[in-house]
2 protein chains.
Amino acid sequence: MFIGDVSKQFNIPADTLRYYDRIGLLSPRRQGGVRRYSEADLNKLAAIAKMKKLMFSLNEIQIILSADAQIDKSLQQASPDLSAAQALLSQIRAKLREVEALAENIKEVKRELARLAAKVKTVLEAGEYAE
Amino acid sequence: MFIGDVSKQFNIPADTLRYYDRIGLLSPRRQGGVRRYSEADLNKLAAIAKMKKLMFSLNEIQIILSADAQIDKSLQQASPDLSAAQALLSQIRAKLREVEALAENIKEVKRELARLAAKVKTVLEAGEYAE
DNA sequence: ATACCACATGGAGTTGACTCCAAGTCAAGG
DNA sequence: CCTTGACTTGGAGTCAACTCCATGTGGTAT
């Protein structure tokens, strides 16, 4: 797939895809100077998009993705690389705590917004009777 | 309160407080050129800090805070300003939808992270037996 | 041959939210 | 009187994540 097709399919500007290439987040092979996105590239991009929605920074995504890949690779060897796995696991746990804190915040904001909405509605109803 | 005290109490750099003043988010009165934070200012700052944690942009915070204040003011008048209330209400609803989408994402990320953690643990356990 | 694409590059510009700095003022302490 | 410390200002710098631009190349359509 060419960059334009990928851009359309994922609804991501081509410039952004080139940017991802530049920073080494997603670097497809070239054919005659032109980027060709493989099936694997598309899968990776899907993973990136998903994590982005989940508010990971591009940096975090990069770390997690490469650690994940490294683990997959080492799984096929006789002696898996435990340190990479350990590092990734603590990364994951940290993110999990972060996400849990966020979930708490979200509960709170929902209460706050509901409270605020109720107050606003009071004003609107008072306005109705006044007319 | 002086800027330094506020900075300490809220654990927010003085430069950030000055920045908030600059952009008109929180502009305390001056006494001889020096910022004096009133009780009301501190309450407002607390509200700002809270909303920040909830991932509102400073811009959103500003809009919501001023709409809220305007509503409070108009509540004390004979004819409340319904348009401000309407605007705020739709703002709130939009944010609520946003927050709900975020909550969904968070559920998903938790599943993802759990899945990833399980995979990593497999590697680690395999490593143990191999030793 | 010419026009028109989609692609390429390097580099500059943008936005939001700070963050840092140099230079200056002012009150209190030794 | 001089230093110290907390404050002031305007302006510049930083960071992430784009976003835009001028210029250039290579392939297809008329």
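Every chain is numbered from 1 and lettered A, B, ... according to where its sequence line falls, protein lines coming before strand lines.
Every residue meeting the salt bridge (Lys or Arg N to Asp or Glu O under 4.0 Å) condition with Asp68(B), not counting sequence neighbours, appears here in chain and number order: Lys119(A). Taking Arg111(B) as the reference, nothing meets the salt bridge (Lys or Arg N to Asp or Glu O under 4.0 Å) condition, with sequence neighbours excluded. Every residue two or more places apart in sequence or in another chain that forms a salt bridge (Lys or Arg N to Asp or Glu O under 4.0 Å) with Arg18(B) is listed here: Asp15(B). Listed by chain and number, the residues in a side chain to side chain donor-acceptor pair (under 3.5 Å) with Ser57(A) amount to none (sequence neighbours excluded). Looking at residues two or more places apart in sequence or on another chain, you find a side chain to side chain donor-acceptor pair (under 3.5 Å) between Ser38(A) and Asp41(A). Residues satisfying the side chain to side chain donor-acceptor pair (under 3.5 Å) criterion with Glu39(A), sequence neighbours excluded, are absent altogether.
A salt bridge is absent between Arg97(B) and Glu100(B); no separation between the charged side-chain nitrogens and carboxylate oxygens falls under 4.0 Å.
A rotation axis mapping the C1' atoms of four pairs onto the next four is fitted at both ends of the helix from dA1(C)-dT30(D) to dG30(C)-dC1(D) over five pairs, and the angle between these axes is 20° to 10 degrees.
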Validation: residues 1-14 of chain A side-chain donor-acceptor distances under 3.5 Å, sequence neighbours left out:
residue, atom, partner, partner atom, Å
Asp5(A), OD2, Phe2(A), N, 3.1
Ser7(A), OG, Ile12(A), O, 2.7

For residues 43-54 of chain B, which side-chain donor-acceptor pairs fall under 3.5 Å, sequence neighbours excluded?
residue, atom, partner, partner atom, Å
Lys44(B), NZ, Leu25(B), O, 3.1
Lys50(B), NZ, Glu112(A), OE2, 3.3

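Applying the salt bridge (Lys or Arg N to Asp or Glu O under 4.0 Å) test to every pair with at least one member in residues 83-96 of chain B, sequence neighbours left out, gives these pairs: Glu60(B)-Lys95(B), Lys95(B)-Glu98(B).
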Completion exercise
With sugar-phosphate taken as primed atoms, P, OP1 and OP2 and all else as base, the protein-contact string of nucleotides 7-25 of chain C at under 4.0 Å (heavy atoms; B, S, -) is SSB-B-----BBBB-----
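For DNA chain D, the contact window with chain B, defined by any atom under 4.0 Å from a protein heavy atom, covers dC7(D) to dG11(D) in 5' to 3' order.
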